[in-house]
Amino acid sequence: GTELGLIDFERGVKISGTRFYLLRGVGARLQRALITWMLDVHLEQGYTEIYPPYMVKGECLVGTGQLPKFAENLYRDAEEDFYFVPTAEVPVTNMYRDEVLDADALPIKHVAYTACFRREKMAHGKDTRGIKRGHQFDKVEMVKFVAPERSLAELDALVADAAEILKRL
């Protein structure tokens with residue numbers, strides 16, 4: 001990527017510090033195109049697109065098991081007590097927090113794109129150079145809300161939907 005001018009680690013570090021990078025030119029366009037394409041594929045599969053906030057309340061992270069376990073890996077605005085999302089799963093799952101969903105409405109299938117933010121303090125290979133362990137990354141994620149008795153079948157279907165991306169690539 002660096003030889004082709006698609007990724008610029010030096011300027012990413014200059015702007016934000018270690019474990020940040022810039023995507024340039026065709027690299028930036030490719031990133032944007034892949035996000036859009038992946039969302040479109042999942043829309044064809046019956047998912048509803050969600051564009052959630054990139055910051056959430058702490059209680060949202062407790063509900064998805066991120067807090068307290070991963071507190072050191074999360075970016076937090078202490079003044080407002082908001083956290084930057086570590087994954088799209090957090091805001092999408094919390095859309096229905098403290099609600100009882102009508103069984104007849106299930107399954108509910110959502111797909112969301114978010115920028116994600118993590119410190120990756122405990123990550124294996126965190127000192128490896130590259131984009132894998134950056135503090136900021138983009139993610140398209142699928143979330144399903146299903147009846148418990150259908151959970152294994154729905155998991156298999158979700159995996160097949162994700163695998164379709166790889167097949168098409």
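Values reported hereafter were calculated over all heavy atoms of this structure, with side chains retained and with hydrogens, waters and symmetry mates removed. As the structure is a computational prediction, the values presented were derived from the model and not from experiment.
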Check: Y96 ring centroid to H110 ring centroid under 6.0 Å: yes
Heavy-atom closest contact (L22 atom, G12 atom, distance): CG-N, 4.0 Å
Side-chain (E141) to main-chain (A112) donor-acceptor, under 3.5 angstrom: no
Heavy-atom closest contact (V146 atom, L106 atom, distance): C-CD1, 3.8 Å
Enclosure of L4 CG (heavy-atom neighbours >12, cutoff 6.0 Å): yes
In one Ile/Leu/Val/Met/Phe/Trp/Tyr side-chain cluster, 4.5 Å: L101, L155: no
Side-chain H-bond candidate by donor/acceptor type, Y21 with D8, under 3.5 Å: no
Chi angles and distances behind the side-chain contact (heavy atoms from CB on, under 4.5 Å) call for T48, I108: CA-CA 8 Å; T48 299; I108 298 171; over 6 Å; no
K57 side chain vs D81 backbone, donor-acceptor pair below 3.5 Å: no
OG1-OH distance between T114 and Y51, expressed to the nearest 0.5 angstrom: 9.0 Å
Closest non-hydrogen atom pair, M55 against V85: N-CG1, 4.3 Å
Atom pair CG/CZ of L23 and R29 - distance to nearest 0.5 Å: 13.5 Å
Shortest non-hydrogen separation from V92 to F145 and the atoms involved: O-CZ, 3.8 Å
S151 side chain to P148 backbone, donor-acceptor under 3.5 Å: yes
ILVMFWY network linking V159 to V143, side-chain heavy atoms under 4.5 angstrom: no
Side-chain donor or acceptor of R24 paired with backbone N/O of I7 under 3.5 Å: no
Residue from I50, L39, T36 passing side-chain contact (heavy atoms from CB on, under 4.5 Å) with Y113: L39
Flag if over 12 foreign heavy atoms under 6.0 Å of CZ, R97: yes
Under-4.0 Å salt bridge between E164 and R168: yes
F117/F84 aromatic ring centres below 6.0 Å: yes
Salt bridge (charged side-chain N to carboxylate O under 4.0 Å, His left out) between E44 and K109, worked out: CA-CA 12 Å; E44 291 170 10; K109 299 167 40 171; over 6 Å; no
Same apolar cluster: I165 and V140, side chain cutoff 4.5 Å: yes
L61 reachable from F82 in the ILVMFWY side-chain graph, under 4.5 Å edges: no
Pair K139-T87, side-chain donor/acceptor within less than 3.5 Å: yes
Distance-minimising heavy-atom pair for E99 and M95: OE2-O, 3.3 Å
L34 side, atom CG; D138 side, atom CG - distance, nearest 0.5 Å: 10.5 Å
Gap separating the CZ atom of R118 from the CG atom of N73, nearest 0.5 angstrom: 8.0 Å
Side-chain donor or acceptor of N94 paired with backbone N/O of C60 under 3.5 Å: yes
Distance-minimising heavy-atom pair for A157 and K144: CB-NZ, 3.6 Å
Validation row: R150, P107 side chains within 4.5 angstrom (heavy atoms): no
Within one Ile-Leu-Val-Met-Phe-Trp-Tyr cluster: L158 and L152, side-chain cutoff 4.5 Å: no
Six-ring centre of Y75, R119 cation under 6.0 angstrom, axis tolerance 45°: yes
Between Y83 and D77: side-chain donor-acceptor atoms closer than 3.5 Å: no
